[in-house]
Amino acid sequence: MRSLTVTEAMNEALREEMRRDPTVYVLGLGLYPSAGDSATGGLVEEFGEKRVRSAPMSETVIAGSAVGAALAGMRPVAELHLADFAFNALDEILSKAGKWRYVHGANHGMTLPIVFLQGIGGYVSAGAEHSQSPVALYWHFPGLKIVVPTTPHDAKGLLKTAVRDDNPVLFFTHKLLDDAGPVPDEDYLVPFGVAEIRRPGADVTVVATSYMVTLALQAAANLERRGVAVEVIDPRTLEPLDIDTIVDSVHKTGRLVVVDEDTQRCGVGAEIGAQVMERAFAALRAPVGRVANPNLPVPYSPPLEEAVLPSVARIEAAVLATLDSMR
Amino acid sequence: MEPMPEEQLELYTLMVRSRAFEERAGALVAAGEVPGSWLSGIGQEGTMGTICQLRPDDYLTYTHRGAYSFIGRGSDPGRLLAELLGKRTGYCRGKGGRHIADLEHGILGKSGTIGGHAPLAIGVATAIQIRDGDQVVVSLFGEGTSNRGTTHAAMNAAAVWRLPVVWVCENNGYMGNVPAPMYTAVADIAAMAPGYGMPGEVMDGNDVLAVHRAAAVAIARARAGNGPSLLELKTYRMRPFGETSTDLRDPREAAAWLGQDPIERFRRRLLEAGVLTDAAAQAVDEAARAEMDAAATYALESPLPAAADAFEDLYA
Ligand SMILES: Cc1ncc(C[n+]2csc(CCOP(=O)(O)OP(=O)(O)O)c2C)c(N)n1
Ligand SMILES: [Mg+2]
């Protein structure tokens with residue numbers, strides 16, 4: 001099988017979907033001229049400037065015009081670069097894309113097939129306003145599907161599914177997910193709402209997305225040497241969430257740790273932890289552990305950044321803590 | 001070019017029907033039938049001079065104010081009032097209230113954040129451009145809404161992309177009870193147009209034929225692929241900000257604007273030109289009132305949604 005990076009896999013997904021469906025178009029800052037090493041690189045040569053739109057520097061325009069175009073029958077892919085920048089378009093994403101079908105549209109069969117691409121993640125000394133991973137913020141709001149791919153395989157298959165979905169989809173990719181991985185030659189889709197068990201284990205369940213899966217797998221490998229078998233679950237999409245796979249795993253392990261590269265409170269760990277308590281309280285043999293950022297911005301200097309963001313060591317400690325508090 | 005006499009009569013009838021709708025909606029608010037409120041466009045019906053020129057396949061984004069957008073596009077007054085009353089038969093099954101979409105008539109929704117529709121309007125225009133269509137998007141906004149960054153960002157983008165948009169500012173001189181000089185640095189919103197590389201024109205918004213003339217040029221320009229324009233209609237709102245709001249404006253000002261009522265002015269003009277007779281004008285008034293009474297009856301008699309309906313429609 002071929003090996004592609006996440007960026008290359010996404011580029012291929014967009015190219016295939018744009019060939020398949022003339023209503024698909026992409027827009028964002030600086031899409032051309034481009035050096036070609038981005039998800040949208042090289043698309044303008046094949047599809048022209050109408051369908052590959054280099055936008056003015058306004059996230060409001062990028063996201064808002066995507067909503068308008070979707071209302072008028074198009075399938076826009078809005079490249080917002082960093083999630084930090086997308087805050088400028090929250091009204092468009094949360095209150096237009098997320099709500100308009102519900103509020104106005106059901107009578108008319110209104111659909112809002114939009115993909116909002118956002119980059120997330122720290123660990124690269126990019127500073128507080130270029131390092132955020134505010135996935136849980138969007139998860140809090142109704143009407144938005146949320147995709148957080150980890151592998152190149154999933155990035156391609158999930159992006160194609162996202163483009164074909166009739167609802168708004170937020171698609172988050174981490175800055176550090178650039179290792180190449182196998183991607184099939186043939187056309188395929190990865191469905192939403194199906195978690196992947198990245199590593200099976202009987203002692204403790206760890207739920208992680210995106211780059212946190214990489215850290216969780218390292219922690220699991222280290223813990224195996226100490227005789228602890230960690231099961232790493234990658235939900236791949238948070239909305240819809242495959243809670244069944246997580247609950248089944250907790251029934252087996254009795255212990256859960258959720259890893260999330262975002263401020264801890266009101267975060268992904270809080271939500272998944274609460275859902276597991278509602279669904280499988282009796283199975284839990286220890287309090288649900290959370291590894292996330294303290295309630296601080298992501299600082300610049302490497303030792304400071306390491307102190308704030310989740311690490312392999314903190315995941316290991318959280319897993320071991322669930323084994324300590326046996327009941 | 002002046003519209004033909006029959007077109008003028010149609011335009012006049014649309015304005016009268018719009019006002020009759022507003023009056024009916026206001027009466028329903030006063031009677032306690034509306035769970036929310038209605039923001040009346042009475043006095044600003046000159047805007048119809050723009051809306052009446054749209055083709056059925058064109059698009060319109062509207063503001064929080066006025067019925068002329070819907071009446072001008074051909075929406076069903078019964079379903080509009082039903083929506084306002086929160087009824088299941090309304091345009092949005094009672095989920096929108098005065099935030100209404102009528103997709104069939106190119107009204108794709110109402111932004112609850114004022115100014116939120118401007119970036120959406122350029123998206124609709126983008127869709128037209130990608131499809132090589134010749135439709136246009138008319139996008140209404142108040143002079144207060146001109147303060148928002150969304151308005152400015154969208155105007156710049158529309159000009160850069162040469163999109164088929166006609167920006168129509170209804171300048172009624174107030175944002176709520178606050179007069180425009182307290183929040184806008186220039187007297188004319190159209191003065192912003194050159195900054196975005198597009199033509200801008202100020203006109204008497206209560207002279208519907210002047211509005212019609214300027215809009216014809218702007219719409220033709222957009223349709224031909226020559227990009228956006230900005231029209232500024234100077235007007236006055238003859239009702240409080242909302243039907244349940246307190247009006248703190250100087251009443252003498254309102255009295256002075258009474259003589260500028262766009263419908264009265266147009267009526268006088270049509271009578272003088274012999275296009276309309278007193279009897280015909282009265283017939284138009286009566287028909288409009290009867291139509292809106294019937295619409296209100298439909299809305300009042302329509303069923304409310306069931307609680308279970310709240311759980312539907314989120315996703316396609
Ligand atoms: C983003 C946002 N801020 C504030 C409001 C509340 N609001 C609704 S209408 C309005 C005044 C708008 O003034 P203008 O654009 O001049 O329109 P007019 O009411 O005069 O027709 C305000 C402040 C809102 N709906 N959205
Ligand atoms: Mg105003």
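Letters A, B, ... mirror the listed sequences (proteins, then strands); counts begin at 1.
Heavy atoms of A:Asp166 lying under 4.5 Å from chain B belong to its backbone as well as its side chain. For A:Met57, no part lies near chain B; criterion is any non-hydrogen pair under 4.5 Å. Contacts of A:Glu239 with chain B are made by side-chain atoms alone, with heavy-atom separations under 4.5 Å and no backbone atom involved. A:Leu27 touches chain B through its side chain: at least one heavy atom from C-beta onward sits under 4.5 Å away, while N, CA, C and O do not. Of the two parts of A:Ala70, neither the backbone nor the side chain holds a non-hydrogen atom closer than 4.5 Å to a non-hydrogen atom of chain B.
Judged by a 6.0 Å distance limit and a 45° cone about the ring axis, B:Arg65 is positioned over the six-membered ring of B:Phe241.
Within residues 135-148 of chain A, the residues that have a heavy atom under 4.5 Å from a heavy atom of chain B are A:Pro142, A:Gly143, A:Leu144, A:Lys145, listed by number. Proximity to chain B among residues 90-100 of chain A is limited to A:Asp91, A:Glu92, A:Lys96, A:Gly98, A:Trp100, judged by heavy-atom separations below 4.5 angstrom.
Checked for salt-bridge contact, B:Arg93 and B:Asp309 miss the test: no charged N lies under 4.0 Å from a carboxylate O.
Checked by atom type, the side-chain pair B:Tyr62/B:His117 shows no donor-acceptor distance below 3.5 Å.
Of all the listed residues (A:Arg101, A:Met110, A:Arg51), the one sharing the greatest number of non-hydrogen pairs under 4.5 Å with chain B is A:Arg101. Options B:Thr61, B:Ile130, B:Ile100 differ in how many heavy-atom pairs under 4.5 Å they form with chain A, and the most are formed by B:Ile130. Ranked by heavy-atom pairs under 4.5 Å with chain B, the first of A:Met74, A:Arg53, A:Glu49 is A:Arg53.
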